A.B. asks: 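Just dropping this structure here.
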2 protein chains.
Amino acid sequence: MTRLSFRQKVHLAREDAIVGTVKRLLAEKGFDLMTVDEVAAEVGIAKASLYKHFPSKEALAAAAMVQMMDQALEQVQTQEAQPGATAIDKLKGITRWTLQTQLAGAMPTLPAENSSLRNALIAHKGYMDGLMELSDQLGAWIVQAQADGTVNRALPPEAVLYTIFARACDPVLGFLKAGGSHSDAQIVDWVMLTCFDGLAGRPAVT
Amino acid sequence: MTRLSFRQKVHLAREDAIVGTVKRLLAEKGFDLMTVDEVAAEVGIAKASLYKHFPSKEALAAAAMVQMMDQALEQVQTQEAQPGATAIDKLKGITRWTLQTQLAGAMPTLPAENSSLRNALIAHKGYMDGLMELSDQLGAWIVQAQADGTVNRALPPEAVLYTIFARACDPVLGFLKAGGSHSDAQIVDWVMLTCFDGLAGRPAVT
DNA sequence: GTCTATATTAAGATAGAC
DNA sequence: GTCTATCTTAATATAGAC
């Protein structure tokens with residue numbers, strides 16, 4: 001770890017505050033509807049100052065996505081650290097964390113379409129590295145769970161991976177929450193159930 | 001049915017062409033990234049002419065969404081017309097149609113966030129009526145399927161309904177298609193499997 | 001690095017002739 | 001109803017003083 005000057009620490013702390021705000025706004029409104037003016041206002045600095053830290057709106061969003069990816073990788077470590085956890089337990093653990101995070105309004109979701117953000121992210125080494133590592137880690141769990149017979153062997157591992165990734169932007173959570181008559185924990189339980197056991201709902205192998 | 005003059009027929013035909021183009025562009029890029037200039041160019045008329053037919057971009061998109069809703073209701077009738085079909089068969093039928101339509105790039109998907117389109121749609125009687133009717137029809141099938149034991153009784157019917165609706169914008173289809181190594185039919189089968197039987201994958205009650 | 005003020009551009013919408 | 005030309009606004013980005 002490199003020793004940092006006080007000035008550098010302040011600089012990083014400010015950038016962290018910026019990225020935190022961006023992450024929240026991205027989760028709330030998405031990339032296209034989030035404006036740089038808004039970010040600057042919420043952070044409490046001038047827009048021009050923002051552009052001294054990040055060269056573009058895409059870079060701003062990319063920084064937030066990288067931080068999100070790092071959080072996800074941290075969660076992977078948390079799952080890995082559970083002593084008796086099987087592969088399916090870990091998959092369920094990371095999926096539950098994803099749902100909880102989204103429901104809490106803290107999951108910045110990439111626009112599914114061909115937005116300018118998509119290209120920026122594909123060109124962003126930090127983001128792509130994180131994505132690869134996350135895919136590898138989950139991929140290993142998936143293969144193991146299929147060997148255990150706890151994940152359907154008829155599905156290609158990539159389909160399982162994408163299905164779990166997609167929980168980060170599952171609109172069902174928001175729909176159920178909008179109803180207003182269920183607790184967050186209850187909503188997460190239901191979506192976990194549909195995800196792993198399906199609508200037809202036979203109990204899973206354990 | 002009211003008798004229409006030739007002029008009126010031409011008018012309606014043109015509006016149909018416009019709505020068709022909008023539907024495709026909405027499916028491709030979403031509401032925010034679709035521009036009115038683009039719509040006009042693809043239809044082959046001037047932008048100002050477009051605004052003689054529809055008063056705003058939101059109205060344009062709403063017309064496309066209403067047409068989509070009508071197509072869905074038609075599909076409901078098709079399912080209802082199957083002689084031996086049980087409730088779960090019908091639910092699977094409409095879900096499969098939804099997946100196929102999205103995969104074919106013909107499913108305009110509403111932006112999940114608080115876009116201007118959302119408010120326009122909520123204020124749009126034709127759209128909301130269609131949505132209510134669709135919800136009622138699927139709701140009846142869901143309740144019946146739960147009574148039959150073919151849909152998990154632990155799930156509230158609204159959760160099942162939202163889960164089926166959400167297939168219209170499931171990103172897993174696009175992810176798998178981007179890989180390029182699977183047929184559309186194969187992709188649809190896998191997503192159907194995860195939707196109804198879950199990742200854990202026990203065969204459903206039939 | 002922070003600010004105020006401004007440039008630039010893209011896109012929704014309209015004016016007015018035919 | 002169709003067109004060309006124009007208006008208006010909002011949002012990304014930058015200039016330049018301190």
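Worth saying up front: this structure is predicted, and the values here are computed from it rather than measured.
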A.B. asks: Nearest-Å distance, NE2 (A:H11) to C1' (C:dG1)?
C.D. replies: 9 Å
A.B. asks: Counting only side-chain N and O atoms of B:Y51, is one of them less than 4.0 Å from OP1 or OP2 of C:dA13?
C.D. replies: yes
A.B. asks: What nucleotide, of C:dT2, C:dA13, D:dT12, holds the atom closest to the side chain of B:E58?
C.D. replies: C:dA13
A.B. asks: Given D:dG1, is OP1 or OP2 found less than 4.0 Å from the side-chain N or O atoms of B:R7?
C.D. replies: no
A.B. asks: Which whole-number value in Å describes the distance from B:F31 CZ to C:dG12 C1'?
C.D. replies: 10 Å
A.B. asks: Here's a test of your reading of the structure: between B:L50 and A:S56, which maps to the more 5' nucleotide of DNA chain D?
C.D. replies: B:L50
A.B. asks: Within this structure, what is the NZ-to-P distance between B:K47 and D:dC7, rounded to whole angstrom?
C.D. replies: 14 Å
A.B. asks: Between D:dA11 and A:T35, is there an OP1 or OP2 to side-chain N/O distance shorter than 4.0 Å?
C.D. replies: no
A.B. asks: How long is the line joining CE of A:M34 and C1' of D:dT12, in whole Å?
C.D. replies: 12 Å
A.B. asks: Verify, without hydrogens or angle tests, whether B:R24 (side chain) and B:G105 (backbone) share a donor-acceptor contact under 3.5 angstrom.
C.D. replies: no
A.B. asks: Do A:Q144 and A:D148 touch side chain to side chain, with heavy atoms closer than 4.5 Å?
C.D. replies: yes
A.B. asks: So what does A:K52 touch, heavy atoms closer than 4.0 Å: a base, only the sugar-phosphate, or nothing?
C.D. replies: base
A.B. asks: In whole angstrom, what separates A:L25's CG from D:dA11's P?
C.D. replies: 13 Å
A.B. asks: Is the backbone N or O of A:S183 less than 3.5 Å from a side-chain atom of A:Q186, with the two atoms forming a donor-acceptor pair by type?
C.D. replies: no
A.B. asks: Choosing from D:dT14, D:dT12, C:dA15, which nucleotide comes nearest the side chain of A:A48?
C.D. replies: D:dT14
A.B. asks: Distance check needed: D:dT9 P versus A:D37 CG, whole Å only.
C.D. replies: 16 Å
A.B. asks: Measure CG/B:L12 against P/D:dG1 and give the value in whole Å, please.
C.D. replies: 10 Å
A.B. asks: Rounding to an integer number of Å, can you tell me how far B:D32 CG sits from D:dT12 P?
C.D. replies: 13 Å
A.B. asks: Atom OG1 in B:T98, atom CE in B:M192: separation rounded to 0.5 Å?
C.D. replies: 9.5 Å
A.B. asks: Got a donor-acceptor contact below 3.5 angstrom from the B:D89 side chain to the B:T86 backbone?
C.D. replies: yes
